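Note sheet for the following structure.
Keep in mind that what you see is a predicted model, and the values were worked out from it rather than measured. Both counts, for ligands and for their atoms, begin at 1 and track the order of listing.
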Amino acid sequence: MSTTIEVTGVQPSTITVGRDLGFDPIVAALDSAATKVLIVHARPLASRAQALAEHLRSLGYEAATADHPDAEAGKAIDVVAGLWDTCGRLQLGRKDAIIAMGGGATTDMAGFVAATWLRGVSLINVPTTLLGMVDAAVGGKTGINTSVGKNLVGSFYPACAVVADMSLLSSLPREDLAAGAAEVIKCGFIADPVILRIVEETDPDVLLDPSSEQLAEITTRAVAVKARVVSADLTEGGLREILNYGHTLAHAIERANDYTWRHGDAVAVGCCFAARLAHARGQLSSEDVARHDELFSRVGLPTRYEGHTLAELTHIMASDKKVRRGVLRFVLLDGIANPRTEAVEPGELAAPAEAIGIRP
Ligand code: GLY
C-alpha cells in the first residue's frame, strides 16, 4: 500500500510513501521523452543502483550509475564537477533524468547537479534514510558545502517525484531512525498533533521498526506537513521558516561540534529549548514543555546539552539565516501546532538555556 502526496505551487511534485514499491513509481516519473538516466548514489547502495540501472536498460533506456564519497564529503564542488563531466559524456539532455538515491547528502548534492546541468534536468529523489524521506528529499533545497560553510551554495530545485520506500530503511541503524524521528516529532509540534499522539501511544521499539504501520503513518503525516508548507512557500519567504522549529540552536550545536552531532539529535535539543523560551513568554504551558522532553526522549533522543556555553552558542546563532537587522529570531509555538517566528532578546535565552543544561 502507498500514499501519494502532491506538492502544489510553482514547481509541483509528487511524493509516494509506501513499502516494497519496487522501481515502477521511479519509471513512471520519467518524462515520456526521456531516453537517458544517471543514477547518483551513496556507495553502500551500489547493488540497488545497479539493479535499477539494469531494469531501466531492460525498458530501453540508456542508464549509468555514479557513486560519491559518503555523507558531507560528497557535498563538494569537485564531486559536482565530476558528475557534470559524467552528464556530458552521457550526453544527458533536457528531457533526461538524474535519480538521486541515498540520504540527505546525496539528494542535496545530486539535486544541485540536476538543477545546474543544462540549467535543469528532471530530478527524481529516492531517499533511503528517514531523515531524507521527511526532510531533505522533499521541498527542493539542493546544495553543497564550501570552505566558508555548509549549504551556502545551492538552489531551490524540487524533484519532480520523490519515492520514499519504507522497506529501504530496514538496514538503517536505530540511532539514524531516531534522528529522523526528531524531524517527524518536530512536524507534530508545529502542525500535526496526531503525530504526537501516535508517538505517545506506541512502544518505541514498534515506532522505530521500519516495518511498523505506526512508523509509516507518522512518516506520511510528516511528509504531508512539509508538502503543505512548501506548496505555500517554496523559497522560504515566510511560512517555510516554521520548518526551522528547534533549528536555530540545533545548527549552533552542530557547528560548535564540527558536525559530529547527528542533525536530529541537535533538533531534539533545539525544540526542547524553544519550548522553554515560548513558556517563558507565556505562550506554552509547562505540560507542553514536559511533553517535548517526553516525546523526544521516548525515542532515545537527547533533550539537554552540556558541551558549549550559551555565549559560544549565541555567537554562532548570530549568523542564523533568520536573523534580521542583527536581532535573533526563533520559531516559537503559541500553543501546539501554532508556530510563528518571533524576535528574541539575548537576555531571554539564559533561563531556557540553563533549564536544559547549557552553562552561561
Ligand atoms: N529543512 C527545512 C526546510 O526544508 O526548509
Side-chain angles (χ1 to χ4, degrees), residues 5 7-13 15 17 71-72 75 100 102-112 114-115 123 125 127 129-145 149-159 162 164 176 179-192 195 219 221-255 259 261-271 274 301 317 319-323 329-333 339-341:
I5 297 161
V7 178
T8 57
V10 277
Q11 283 168 281
S13 58
I15 305 155
V17 187
E72 294 299 316
K75 291 175 62 172
T106 304
T107 54
D108 280 7
M109 183 276 291
F112 184 62
L123 170 67
N125 280 340
T129 63
L130 184 57
L131 191 61
M133 288 178 185
V134 298
D135 194 25
V138 177
K141 281 188 180 173
T142 74
I144 56 172
N145 305 327
K150 267 185 59 147
N151 293 327
L152 294 178
V153 173
S155 66
F156 290 102
Y157 193 75
V162 179
D176 290 339
E183 291 281 358
V184 174
I185 295 170
K186 174 209 78 178
C187 286
F189 279 117
I190 61 169
D192 186 355
I195 292 176
T219 301
R221 285 183 166 275
V223 170
V225 168
K226 183 150 190 188
R228 277 200 302 277
V229 172
V230 297
S231 293
D233 178 22
L234 175 66
T235 54
E236 211 161 27
L239 178 71
R240 187 167 179 161
E241 283 185 347
I242 68 170
L243 297 173
N244 257 273
Y245 184 51
H247 283 55
T248 313
L249 180 64
H251 286 149
I253 291 173
E254 288 180 271
R255 200 162 127 194
Y259 298 97
W261 263 57
R262 280 188 183 76
H263 177 63
D265 289 8
V267 167
V269 173
C271 290
L301 290 162
M317 287 193 284
S319 311
D320 184 77
K321 65 187 169 185
K322 293 186 297 305
V323 167
R329 291 162 71 245
F330 281 77
V331 179
L332 296 179
L333 297 181
R340 56 182 193 219
T341 310

Flag for Lys322-Thr341: side-chain donor and acceptor within less than 3.5 Å: no
Under 3.5 Å side-chain donor-acceptor pair for Glu254 and His247: no
Partner residues of Arg240 under the side-chain hydrogen bond (donor to acceptor under 3.5 Å, both in side chains) criterion, sequence neighbours left out: none
Side chains of Lys75 and Phe112 in contact at under 4.5 Å (non-hydrogen atoms): no
Pairwise side-chain contact, Val7 with Ser13, heavy-atom cut-off 4.5 Å (strictly under): yes
Electrostatic pair Lys141-Glu236, nearest N-O below 4.0 angstrom: yes
Anything under 3.5 Å between an N or O on ligand 1 and a protein N or O? List each pair with its distance, or write none.
| from | atom 1 | to | atom 2 | distance (Å) |
| --- | --- | --- | --- | --- |
| ligand 1 | 1 (N) | Asp135 | OD1 | 2.9 |
| ligand 1 | 1 (N) | Asp135 | OD2 | 3.2 |
| ligand 1 | 4 (O) | Lys226 | NZ | 2.6 |
| ligand 1 | 4 (O) | Arg240 | NH2 | 2.7 |
| ligand 1 | 5 (O) | Lys141 | NZ | 2.9 |
| ligand 1 | 5 (O) | Arg240 | NE | 2.7 |
| ligand 1 | 5 (O) | Arg240 | NH2 | 3.3 |

